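Worth saying up front: this structure is predicted, and the values here are computed from it rather than measured.
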Amino acid sequence: MSFWQCQQQTAGELLDPFSPDCPADFTPCFENTVVRLAPVAFLLAVGVPRYFNLAKRASLAHPSKSWRQILKLIEIIALLGVTIALVVVDQFNHKESSFGMEAASAMLEVLVLAFALALTVLENKKSFLSSNTLLVFWPLSMIATGIRLRTLVIGCPSTSQIDTQLYGAKFALTFLVFVLECARKDAGIRLGEDDFTKCPEDEANIFSIASFHWVTGLMRKGYAKPLTMDDLWVLRKQDRSNTASMTFSETWEKECTKEIPSLIRAISSAFGRPFYIAGIWKLANDLLGFSQPMLLREFLIFVRSYKSEDPLPLYRGYTIACLMLACSVSQTTVLHQYFHLCFRTGMHIRSGLVTAIYQKSLNLSNSSRQKFTVGEIVNHMSIDAQRLQDLVTYLHVVWSGLFQITLALYLLNKTMGVAIFAGVGVMLLMIPLNARLSLIQKNFQQRQMKNKDSRIKLMNEILNGIKVIKLYAWEGTFLQKVLTIRNDLELDMLKKIGYLGAVQNFTWACAPFMVSLTTFSVYALVMKQPMTTDVVFTSIALFNLLQFPLGMFANVISSCIEAYVAIGRVQKFLLSVEVDPTAITVEDPSQFTGRDALDKYALILSDATYTWHRNSASAVSDINLMLQKDCLLSVIGRVGSGKSSLIAALCGDLERVSGSIRVRGSVAFVPQQAWIMNDTLRNNILFGNRYDPVFYQKTIEACCLQPDFDMLLGGDATEIGERGINLSGGQKARISLARAVYARADIYLFDDPLSAVDAHVGRTIFDKVVGPNGLLAKKTRVFVTHQIQYLSQSTNIVMMREGRIVEQGNFEELMRKKTDVYQLVVDYGRDSSQQTEFPDDDVSAQEATLVEEVVDPNVAPGDEPVVISTSPMSARPGSLKSTQSIRTLRRPSVASIKSTKVVKVDQPNNIMTVEQMNQGSVHRSVYQAYAKACSYSAVLMYFLSMFLSQGASVATSLWLTYWSRNYDSGKGPQNTIYYIGVYAALGFGYSFLTVLQNIIVQVFCGIRSARVLHQKMLMSVLRSPMMFFDTTPMGRILNRFSKDQSTVDEVLPRTFGGYFRTVYQVGAVLLVVTFSTPSFIIVILPFGFIYLWLQRYYLATSRELRRLDSVSRSPVYAHFQETLGGISTIRAYRQQARFILGNEDHLDQNLRAYYPGIAGNRWLAFRLETLSSVVIFGSAFFAVMALSNNVDVDPGLVGLSLTYALSITQTLNWMVRQYTEIESNIVSVERMQEYIDLTPEAPEIIDSNRPAADWPAEGRVDFVDYETRYRPGLELVLRGVTCSIRSHEKIGIVGRTGAGKSSLTLSLFRIIESVKGQIFVDGFDISTLGLYDVRSRFSIIPQDPVLFAGTIRFNLDPQGTKSDLELWQALEDSYLKEHVSQLEGGLNAMVLEQGDNFSVGQRQLICLARALLRKTSLLILDEATAAIDLETDALVQAIIRQKFCDCTILTIAHRINTVMDSDRIMVLDQGRVAEFETPAKLLSDSTSIFYSLAKESGNL
């Protein structure tokens, strides 16, 4: 006998494995060779590489020694013994035969089992997880053994009893080993690992991964209680945003070196590998999907055979049913592995892009910042990155769809012959039509994104300037401006996109029907072929498979176009110009030893000419400066002379034209408008540096912050609101200053920081910090100021005009020259330094020269107790008087940059509220609100069209059943045209109704709900009190208007449409299947309950995950918004890395909620589709059972039943998934409804109590026992204020920081409402009037000058009620006419976002021009000229006296001299009126507070 021959059989049986003697069985030869060697081959192919890989690893510190591991090894040894026994018995039974294939296979199996034992031992030593290799090997071995055992049990052919017993023992042992391999190893082997909630996916075995069982723990937890962020897993390293960021950055940097960089190539290179692996899963899924119609055909042939005299054996029907089950379960498994990989890849792409966009925004040049507004960049992060993420899931459909279509046409050709080419012709005709529609859609999408950008940009500006908008009563104007963009542009374009989508859906919905119609027509009419059951329903199953790729093509092409537009936008942003790297040269000061003459200089400017934007006029020209390490350079000049531009050039924010700037050492920057983070006071000062309690205390005392800390309940642990909303202007300036001092930099850049503080505080800060005896005396300081009194203490003075230095020298030199600086000092400068005595605990020059001591590197931010002490400085250890613990001004250690878990607890010290998140199921009222927004009549029309379209679909299938039944019964092809005509009418009716329901849901319902909900939310937000904006991060509000609004606009209509369509389809399927196979109801009822239970079980978790996802997105946007506001500060301090880390932390928190959500979707889908596979199996199984019981079975109805059952796998899954999508996405409506229901301010207009048109004619103001606070629960800011201000009186309001000066003005405008008492204006109690009537009749020039993007005309007169002549006159009176007339466009010249193309002083002058235009009888000036130089200030004050001579004026000022000519002075102290008299009377009293303030500021 040959080696290739089996015992007692021929070698040819290897090629024909089925036994001719035994029904439904393999030959013994095939079982003993091919079947036996299948698991052997697997272990050799996979196990050997795994063994060598494990051998290289270090052994576990605590390998498992549990009884399970020991028992498993014993069982494998026993299994090896049984297998050897089988080899011995087999050789004994066939000892006359030569050594052949069967014997070789048996011996190879023994060797492989020995290898499995060795691999098990090694896995236990080296890994704490179950071996996936062995977990696959043991079931394969069990199947191979089971096949052989079945043959032995049925005795075909007959064998010895001992063989059966040994194979039974082998099967039992293999099963037990498999069970023990599935069990987790004991936890003791993992000692020493972190205690974080580790992602269970890391420890999941192959079956857990395939079935997503690793998600079950979270589902169980979510069903038991509402989930919180603490319940979620920590992200795996490969899923963290930092990993995605580094991966993308590397590929993008390489891409940027190419001539034409491509973002698509960079994304593909960075994240393509798992995406391509997903393509392999997709291919496997498609092949399995097309095996089902082939099995269906075989099954229908089997059923039809029972109508003939020679029926096929029953086992064939049961085998096909089992194969359909196996095929369906396999398809489900590979499909969801494909989806999971795609979703993860999409998540990585979004992470990579969001971090790249954030990092790019930190480096944008001024030119680029002009092109890309905050709104646009937010849209890049929220919408464009999301669209690229969404596309990844369906991108494989592009090739997969073509593959499925090709395969379907091939199988249809096998079924119906050349008739199918008629259908192919129809498909080819539709290609150019859809290509044209796609081009139109691309154009629409590009225009729509611009509309979104414009709206978000405007919303960002409104939220930034909401206080000014309320003070001027401009809510209505800005509301109309937003609604114009929203309704006339965005929703109009959405309507066009909706109609276009309906046309596209018609072409795709019509395509499968047209293909089937033309194919059936040619097949029946031209080819004269019989339309039998097996042909019709196999074709219908294939047409249904054709419908999915054709239907998906519409969505995929739409997604591809959206993603293409998004990629173009993001690529344009990522390729935009960055800050000029050559703008400044940063040098290490330690390299300069002092040998060279230039080594003593810290800052060297040589012929420096710099510009704000490329191709624009120079901002500073020909600047030559050389500053030593202890130099104090004061920079003065009028508004717009280039002072702030010089500071910006030193920071590296300007673009270099010529010359150079050399910066030696670190830089600290104090901007003119302080940038404050939404964080604690302490963290705002530390700014990423390690906490040094001694120097920190010195810093806060030198910056006069200790009294402020003492007043706060939480001390320096008090949280500061966004943009420092709960701080006064002076407090913000001093915190910004303290941040710079604490940084202990080498070079300090001060951009007029003292303009916002009281004069006496400014004097103290100058002496303690900036001046020659201050903490920074040994540092290089560039000090831009309008405070002339400080010039005499400067090392050097520079006067600027039109961006150039016109005078330079020390104070004495300039006084001798008697030029402009001399005249300025003579006219406005009164140096009171000689008169001002400092307390004993102030800083002296000697005490500022401190000895060096190393900062403890172990002290991190927040490690020390909160500073709330009120003891005097000298009494505390670490005061400047203390000699025991003296620190230097050497640079602090930077706190370790590492990711930390962000936990924000709602504490009394926090001003920002924690975002509220509803729990449990979404309330019915939210659905009702959405239905009402859609319009009830449109919803009813939609349901009616859906019912009719589904009826037409079922009628089409039933008609085909009727047609094929007539052929089966032998009635022949009579009236073929009649059958085709009815089929065509039903099909076209279905297609038309599909389009109608799409138009109703997308255009009528979708757009109406989008308009109604947006308008209500916008009005509600604009009508909310300032308290809401003070306590709500802007990013959180923008999230509602961007991401949530986008969900309502585009996702919800599509999701509701998809859900109700699948509900009707499922109803139709169940009806048809139950009708055709009545016994099937036994399966349907229990499975229906399981479906509902699974849905509820999943929804409990899914809903909360979606809410957590939404809530965790807001901090990403809020942090981004905050960063964009402080880019100059971040760059100057070189803190980009820390803020990038902060962005990654916020993003990771969001991904922690998102990733379980996508994993949970797969968990549900796998279970639903597995149940659906049982439905398919049940449908086929009961049909075979009916045939076995001699029940007459109609092949047509069985074909229809199975065709529908095959489609139910996806339909049922889509129904539950779409419902969960609705539950998840309706959260956006819930969140919008939360803002719609915000508590509004008082009414804008009270019709029953409106003042006269000329009110207030006199401008008389009376406060009667008035008290107020900013928010409930806070301390009173005004206490028992009672005073009368006479008509046309000029009142100066002064007081120390926090005395209540600004609160008094806010009370007049009812920004904060009274707790007690009244304010009367011309006899009217303003609390009884509408807010519009109050605010529109008063004028204010606020402390923070706010400009809006647009034209100068719009900024002066948003309501468009003034003539050009009036506007120019106002500009002339505010000394801006000359500047504006030189701008391109004059009044129509563009103002950039936040007025970035104007200096702070110019912005204040524009605000003055606004007040001049309003011409009201009551004017409030709140630090109105703080940022203006003294000359312009004097001119402005003269204009105010002239133009408002018949008005009542309340002036809050830090410069005491600006209120010296007031009729009376109101001195506020701790919210009370301490003094209220004429300036002369108060100055004559040396004990008065005003006298001390005037003396401290040098005005006496």
Determine whether Asp1333 and Arg1310 satisfy the following criterion, salt bridge (Lys or Arg N to Asp or Glu O under 4.0 Å), listing intermediate values before the conclusion.
CA-CA 11 Å; Asp1333 286 336; Arg1310 290 179 62 192; over 6 Å; no
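- Side chains of Ile1439 and Gln1442 form a contact here, defined as non-hydrogen atoms less than 4.5 Å apart.
- Residues Ala473 and Ser1336 share a closest heavy-atom pair of CB-N, 4.0 Å.
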I'd like to know whether Lys457 forms a salt bridge (Lys or Arg N to Asp or Glu O under 4.0 Å) with Glu376, so could you lay out the CA-CA distance, the side-chain angles of the two residues, the decisive distance to 0.1 Å, and finally the verdict.
CA-CA 7 Å; Lys457 171 189 169 186; Glu376 280 182 271; over 6 Å; no
Asp1373 vs Lys1443, salt bridge (Lys or Arg N to Asp or Glu O under 4.0 Å): CA-CA, chis, key distance, verdict:
CA-CA 9 Å; Asp1373 292 341; Lys1443 296 289 182 180; 3.2 Å; yes
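- Counting non-hydrogen atoms of neighbouring residues, nucleotides and ligands closer than 6.0 angstrom, the OH atom of Tyr1332 reaches no more than 12 such neighbours.
- Put simply, the side chain of Arg1403 gets close to the backbone of Gly1395: a donor and an acceptor are under 3.5 Å apart.
- Looking only at distances, no side-chain donor or acceptor of Ser1020 sits under 3.5 Å from a matching main-chain atom of Lys1016.
- With hydrogens and angles ignored, the 3.5 Å screen pairs no side-chain donor or acceptor of Asp653 with any backbone N or O of Ser1128.
- Few gaps surround CE on Met493; more than 12 heavy atoms of other groups in view lie less than 6.0 Å from it.
- Counting heavy atoms from C-beta outward, Arg1441 and Ile1449 have side chains that stay 4.5 Å or more apart.
- Between the Lys1290 side chain and the Cys1445 main chain, a donor and an acceptor come within less than 3.5 Å of each other.
- For the 3.5 Å distance criterion, the side chains of Asn1388 and Arg1353 qualify, holding a donor opposite an acceptor.
- At least one donor-acceptor pair closer than 3.5 Å links the side chain of Arg1410 to the backbone N or O of Asn1355.
- The one candidate from Asp752, Asp751, Ile647, Val784 that meets the side-chain contact (heavy atoms from CB on, under 4.5 Å) condition with Val635 is Val784.
- Across every non-hydrogen atom of Phe1338 and Arg1414, the tightest pair is O-NH2, 3.0 Å.
- Leu1371 places a side-chain heavy atom less than 4.5 Å from the side chain of Leu1356.
- Here Ile1452 contributes atom CD1 and Thr1305 contributes atom OG1; the two are 4.5 Å apart, rounded to the nearest 0.5 Å.
- Side-chain contact check for Thr1032 versus Ile1037: some heavy-atom pair is nearer than 4.5 Å.
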So Gln1045 and Glu490, side chain to side chain contact (heavy atoms under 4.5 Å, CB included) or not? Walk me through it.
CA-CA 12 Å; Gln1045 188 63 61; Glu490 197 176 352; 5.8 Å; no
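- Between Leu463 and Phe1029, some side-chain heavy-atom pair lies under the 4.5 Å cut-off.
- Residues His786 and Lys643 have side chains in contact (heavy-atom distance under 4.5 Å, counting atoms from C-beta outward).
- Counting non-hydrogen atoms of other residues, nucleotides and ligands closer than 6.0 Å to CD of Glu1313 gives a total above 12.
- For Lys495, the NZ atom sits in a loose shell: 12 or fewer heavy atoms of surrounding residues, nucleotides or ligands are nearer than 6.0 Å.
- Proximity of a side-chain donor or acceptor of Thr1351 to a complementary backbone N or O of Phe1354 within less than 3.5 Å is detected.
- Nearest heavy-atom pair across Leu1238 and Ser1024 is CD1-OG, 3.3 Å.
- Panel note: side chain Glu461, backbone Ala1349; a donor-acceptor pair is recorded below 3.5 Å.
- Judged purely by atom type and a 3.5 angstrom limit, Arg1023 uses its side chain to pair as donor or acceptor with the backbone of Ala1242.
- Enclosure of atom CD in Glu1384 is not indicated, since only 12 or fewer non-hydrogen atoms of other residues, nucleotides or ligands lie within 6.0 angstrom.
- Judged purely by atom type and a 3.5 angstrom limit, Thr484 uses its side chain to pair as donor or acceptor with the backbone of Gln480.
- The OG atom of Ser1462 sits 9.5 Å away from the CD1 atom of Ile1293 when rounded to the nearest 0.5 Å.
- A distance of 10.5 Å separates NZ in Lys371 from CG in Leu364, rounded to the nearest 0.5 Å.
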One pair to check against side chain to side chain contact (heavy atoms under 4.5 Å, CB included): Val1346 and Ile469. What are the steps and the verdict?
CA-CA 9 Å; Val1346 175; Ile469 290 170; over 6 Å; no
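- For Phe1028 and Tyr1235, the ring centers are positioned less than 6.0 Å apart.
- Residues Leu1278 and Gly1300 come closest through the heavy atom pair CD2-O, 3.7 Å.
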With side chain to side chain contact (heavy atoms under 4.5 Å, CB included) as the test, would you mind laying out the steps for Val378 and Asn460 before giving the verdict?
CA-CA 10 Å; Val378 168; Asn460 180 63; over 6 Å; no
All N/O donor-acceptor pairs, side-chain side in residues 1256-1263, below 3.5 Å, sequence neighbours left out:
from	atom 1	to	atom 2	distance (Å)
Glu1258	OE1	Arg1260	NH1	2.6
Asp1262	OD1	Ser1284	OG	2.7

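- We find the CG-OG distance between Leu1418 and Ser1339 to be 8.0 Å, quoted to the nearest 0.5 Å.
- Between Leu489 atom CG and Arg455 atom CZ the span is 11.5 Å, to the nearest 0.5 Å.
- Closest approach of Gln673 to Pro1345, counting heavy atoms only: NE2-CD, 3.7 Å.
- To the nearest 0.5 angstrom, Ile1311 atom CD1 is 13.0 Å from Met1027 atom CE.
- Taking the six-membered ring for Trp and thresholds of 30 and 60 degrees, Phe1398 and His1379 have ring planes more than 60 degrees apart, a perpendicular arrangement.
- Between the side chain of Lys470 and the main chain of Leu1022, a donor-acceptor pair closer than 3.5 Å is present.
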Can Ser1307 and Ile1312 be said to form a side chain to side chain contact (heavy atoms under 4.5 Å, CB included), step by step?
CA-CA 5 Å; Ser1307 300; Ile1312 50 177; 3.9 Å; yes
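- By the salt bridge (charged side-chain N to carboxylate O under 4.0 Å, His left out) test, Arg1286 pairs with Glu1289, sequence neighbours left out.
- Annotation: side chain of Leu1329 is in contact with side chain of Trp1255 (closest heavy-atom distance under 4.5 Å).
- For Leu646 against Val620, the heavy-atom pair with the smallest separation is N-CG1, 3.8 Å.
- Under the side chain to side chain contact (heavy atoms under 4.5 Å, CB included) criterion, Lys467 pairs with Leu471, Met1026, Leu1306, sequence neighbours left out.
- Counting heavy atoms from C-beta on, the side chains of Met1466 and Leu1304 come closer than 4.5 Å.
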